[in-house]
Amino acid sequence: AILTGGCIGSAIFSLSGMTMYYAGPAAIITWIVAAIILGCYGVQVAELSVRYPHSGGVYVFPAKSLNKFWGFAAAWGYIISNFIAVAFSAIYVATYLGVGFEALAGLQIPLALASILFCVILNMMKVTDAGKFNNVLVGLLIITMLLFSGIALSHGNFNFDNFSNFFDGGMGKTGWIQAIPNAMVAYGSVVAIAFMVGQVKDPNRTVPKSMAIALIIVVSLYLLMIVGTLGHITTQFLVDNPGMRFIPMFAAAWTSMTNVPWLSKLISVSAFIALITTMLVVQNLNALTIRAMAEDGALPKVLAKSNKNGAPSAGIILAAVVAGILSCQPSWTELLVNLGSIAAAVTVVIVCYSLIASRKQLPSIEGNYKAPGGNALSWATIIVIVASYIPAIFNGGAQMWIFTAIIYIVGILIYFLYSKKHLAE
């Protein structure tokens, strides 16, 4: 439930509109390919979590198998993408509530900040208590998603002609490739359990099994929602109405299914639940990673602090403050999304390579989980992720790459500053 709730959130309810804008009907393939890539990544992370059974894995895995610098580089990309994910989710908590309920329409920033604070309070609790609350939210979320999908697919206005010219919508024939990085973000939390492996019972069995179950549930729900939405709005509609690109399900309910007046409110409530569950999981994972980095001297020691419940309190507060600042700038949404997807991809590449290095250093223990495909799977994952960014490089986006370079330069400076300080101590 933690993995499913972590995945189903800002991406499907908001980023799916961007993939439809880039790829048209071929966005369906985009989401399937992204799931395969993250599934391949997931089984590799599952093996790494058994090799290095310590929470904060996105930092720990490369730090142990390569060196601390690469551990920092992977974790830096991870926490940056998660800062953005929480901020983006908070922005669209407010957006969906605003379009669904008129009384809340003028409260975008206060609602965004309130949602971040709400998640801070829950994440400061015992993990079992927060987990129970998360399970309830995920159950409600799945019910609302199935209800929307059932209505959308069976509605009289569902138009099969929207799926014609399958590969020619959006950015053209390569649009579905260009959209893959955004869709990958939607599956990022499927590996969350590996990063909390220190708290997992019987990780050798639990980690890969939970990933597989969660991925099947998530892909099925995503495809139902995307096909249902594409049957009611076109790529041209998203081109002509840029404000609808990040609320595609609401757009479908509001324009094509107006004879079901409560449906737009249902989708607002469903999106709210989804966004909150994502924020809960991502905020906690970010805090665990920050704590692992601080414990190893890569960040200030104060960020290693935990509260009496064992929650990484200092990291939770830092993640909330940064996300809160970013959520006050809703006009930055598209830039933030692209920056987050690049940072996430850099992390995936480093972690996949760290498994290759780990296999050279540590022989596999008989009976421990081992990802299928060996090093060939790791290299294939790296190549596919890098290739998915080629269209974006040739189609412009210089501003995005400049900001990315600045973010990583800042990270490198922080690493060398605190590494030197840690060695001196």
Under a 3.5 Å threshold, yes or no: a donor from one side chain and an acceptor from the other, between His155 and Asn259? yes
### Side chain to side chain, Leu122 and Phe118, heavy atoms closer than 4.5 Å
yes
Over 60° means perpendicular and under 30° means parallel, so classify the ring planes of Tyr52 and Phe61, tilted if in between.
tilted
CG of Leu113 to CG of Leu117, rounded to nearest 0.5 Å, is 9.0 Å
**Q.** Side-chain touch Leu224/Phe148, heavy atoms, less than 4.5 angstrom
**A.** no
Notebook entry, point to check: Looking at side-chain heavy atoms only, is the closest gap between Leu362 and Arg51 below 4.5 Å?
Noted result: yes
Looking only at side chains, do Ser358 and Ser65 share a donor and an acceptor under 3.5 Å apart? no
Minimal heavy-atom distance between His232 and Ala252, with the atoms involved, is CB-CB, 3.9 Å
- [ ] Look at atom OH of Tyr353 and say whether more than 12 heavy atoms of other residues, nucleotides or ligands are closer to it than 6.0 Å.
- [x] no
To the nearest 0.5 Å, atom CD1 of Ile276 lies from atom CG of Leu141 at 11.5 Å
CE (Met257) and CD1 (Ile233) are apart, to the nearest 0.5 Å, by 9.0 Å
*Evaluation steps, ring pair (Phe, Tyr, Trp, His ring centres under 6.0 Å), between Tyr59 and Tyr78*: CA-CA 9 Å; Tyr59 172 74; Tyr78 185 72; over 10 Å; no
Between Leu107 and Pro110, the two heavy atoms sitting closest are O-CD, 3.4 Å
- Taking the side chain as every heavy atom from C-beta outward, state whether Pro372 and Val43 have any atom pair closer than 4.5 Å. yes
Go through the side-chain N and O atoms of Trp70 and Ser354 and say whether any donor and acceptor fall under 3.5 Å apart.
no
query = Got Phe13 and Ile247 here, is their nearest side-chain heavy-atom distance under 4.5 Å?
reply = no
query: Hey, does Leu221 have a side-chain heavy atom less than 4.5 Å from the side chain of Leu146?
result: yes
In short, Ser89 meets Met279 closest at the heavy-atom pair CB-CG, 3.4 Å
Ring pair (Phe, Tyr, Trp, His ring centres under 6.0 Å) for Tyr415 and Phe69? Distances and angles first, verdict last. CA-CA 7 Å; Tyr415 169 77; Phe69 173 79; 5.4 Å; yes
*Kindly indicate whether the side chain of Ile267, heavy atoms from C-beta on, has any atom under 4.5 Å from the side chain of Met225.*
yes
Nearest heavy-atom approach of Val282 to Ala85 is CG1-CB, 4.2 Å
Does Lys64 form a side chain to side chain contact (heavy atoms under 4.5 Å, CB included) with Gln361? I'd like the steps, not just the answer.
CA-CA 10 Å; Lys64 295 285 188 184; Gln361 296 171 11; over 6 Å; no
Once the angle between the rings of Phe160 and Phe158 is folded into 0 to 90°, is it parallel (under 30°), tilted (30 to 60°) or perpendicular (over 60°)? perpendicular
Quiz prompt | Any side-chain heavy-atom pair of Trp176 and Val33 under 4.5 Å | solution = yes
